[in-house]
2 protein chains.
Amino acid sequence: MIKSILGYGITIAMLLIILKWIDYRLFTGFVSLEVYAGIIATIFTVLGVWIGLRLTSPKVVTVERENEFELDAEKLKSHGISNREYDVLGLMAKGCSNQEIADELYISLNTVKTHASSLFSKLDAKRRTQAIQQAKQKGLLP
Amino acid sequence: MIKSILGYGITIAMLLIILKWIDYRLFTGFVSLEVYAGIIATIFTVLGVWIGLRLTSPKVVTVERENEFELDAEKLKSHGISNREYDVLGLMAKGCSNQEIADELYISLNTVKTHASSLFSKLDAKRRTQAIQQAKQKGLLP
DNA sequence: TACTATCTCATACTTTAGAGTGAATTAGTC
DNA sequence: GACTAATTCACTCTAAAGTATGAGATAGTA
């Protein structure tokens, strides 16, 4: 902050010096009136551009961020979860019962229970709701 | 397009006319050199600002927004869910068992079951996992 | 080939969830 | 005061979930 104020001050001072110097040159006949006007026009055009860029507030665009979910085999592997167990987990999260999962995957109810049990131990969960919560936290489910 | 080019042309023409006019006034002694310089400075500062705003692409700041979750009483009301039922729903989503919910809210297990049952009917769910899924979809849970 | 992991299924048992019904209490509304 | 919604709780069952254990089949790996 102090730095920028100092910068502004120095810039303005230099501008005034330049203007005064040109003024002097004009009176001593070194430059013509046209050149004088041209220099002033140039300086103030640049100043105007600079002010214009400074004073405009940037347009703010708010972007909704999709909770983009990406599952790679690595994530599953790191938790020791097999493909079939992940299938079961996904259907659990959708709200399916064990029987519905069995029907969906063409396996028996007992098999679903087996997968579920091993899932719970791998996810440190005691219930399916907890397993879902854990899986989402670990990025295994969207 | 043609309209804006015409506008530019007219603007530039008027600028030149004004400058020439001031030039004339200066020579006839109607304005001092300082005023002359000041007018030129003003005109070109404005021009500079205008050019600066025109020629630069508008500043855009992109802000990523978390899919922030906001719960208002309206949402709950629209689904007929009471405060206490919502308490139960929240703990369910965290993976708590009915007994744990009862302990957390200092109510009996039976009461939790009652709340749960009415929740399910209000959310068109047959199971707690489905209720959680539905609630998240309806924006009742983060 | 032997080993290992995965997937599958079964059986028996315990625990939890959920449905259905009824009821008492409280607070706010007409 | 009557009415209503919300909260609380109890009791009884049934259905579902979850545990434990064992075991057969298959496919990939050392």
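Order of the sequence lines fixes the chain letters, A, B, ..., with proteins taken first and strands second; residue numbering starts at 1 for each chain.
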Select from A:Lys122 and A:Ser108 the residue whose nearest nucleotide in DNA chain C is closer to the 5' end of that strand. A:Lys122
Hey, does the side chain of A:Glu85 reach the backbone of A:Ile81 with a donor-acceptor pair shorter than 3.5 angstrom? no
Give the rounded distance in Å between these two atoms: CD1 of B:Ile101 and P of D:dT8. 13 Å
Give the rounded distance in Å between these two atoms: CG of A:Asp87 and C1' of C:dT6. 13 Å
A:Lys94/A:Glu104 under salt bridge (Lys or Arg N to Asp or Glu O under 4.0 Å): CA gap, chis, key distance, verdict: CA-CA 12 Å; A:Lys94 275 179 60 183; A:Glu104 184 77 21; 5.9 Å; no
What's the separation between atom CG in A:Leu119 and atom OH in A:Tyr86, rounded to the nearest 0.5 Å? 11.0 Å
Can you confirm whether A:Leu105 sits close enough to A:Leu91 that some side-chain heavy atom of one is under 4.5 Å from a side-chain heavy atom of the other? yes
Which residues pass the side chain to side chain donor-acceptor pair (under 3.5 Å) test with B:Gln99, sequence neighbours left out? B:Asp103
Base, backbone or nothing for each nucleotide of nucleotides 13-30 of chain D, written B, S, -, heavy atoms under 4.0 angstrom, 5' to 3'? ----BBB-----------
Between D:dA6 atom C1' and B:Leu119 atom CG, what is the distance in whole Å? 13 Å
Measuring to OP1 and OP2 of C:dC9, would you say a side-chain N or O of A:Thr111 lies under 4.0 angstrom away? yes
Whole angstrom value for the distance that separates P of D:dC9 from CD1 of B:Ile107: 6 Å
Between B:Asn110 and B:Glu85, name the one whose nearest nucleotide on DNA chain D is closer to the 5' end. B:Glu85
Determine whether A:Thr111 and A:Thr114 satisfy the following criterion, side chain to side chain donor-acceptor pair (under 3.5 Å), listing intermediate values before the conclusion. CA-CA 5 Å; A:Thr111 305; A:Thr114 304; 5.7 Å; no
Taking only side-chain N and O atoms of B:His115, does any of them lie within less than 4.0 angstrom of OP1 or OP2 on D:dT7? no
Whole angstroms only, please: what is the CG-C1' distance between B:Asn83 and D:dA5? 12 Å
Specify the separation, in whole Å, of atom NZ of A:Lys77 and atom C1' of C:dA5. 12 Å
Separation of B:His115 NE2 from B:Asn98 CG (nearest 0.5 Å): 11.5 Å
Check for a donor-acceptor pair, side chain of B:Arg127 on one end and backbone N or O of A:Gly95 on the other, with a separation under 3.5 Å. yes
Validation row: B:Phe120, B:Gln130 side chains within 4.5 angstrom (heavy atoms): no
Short N/O separations, protein against nucleotides 27-30 of chain C, under 3.5 angstrom:
none

Reckon B:Ser82 touches a base, only the sugar-phosphate, or nothing at all at heavy-atom distances under 4.0 Å? sugar-phosphate
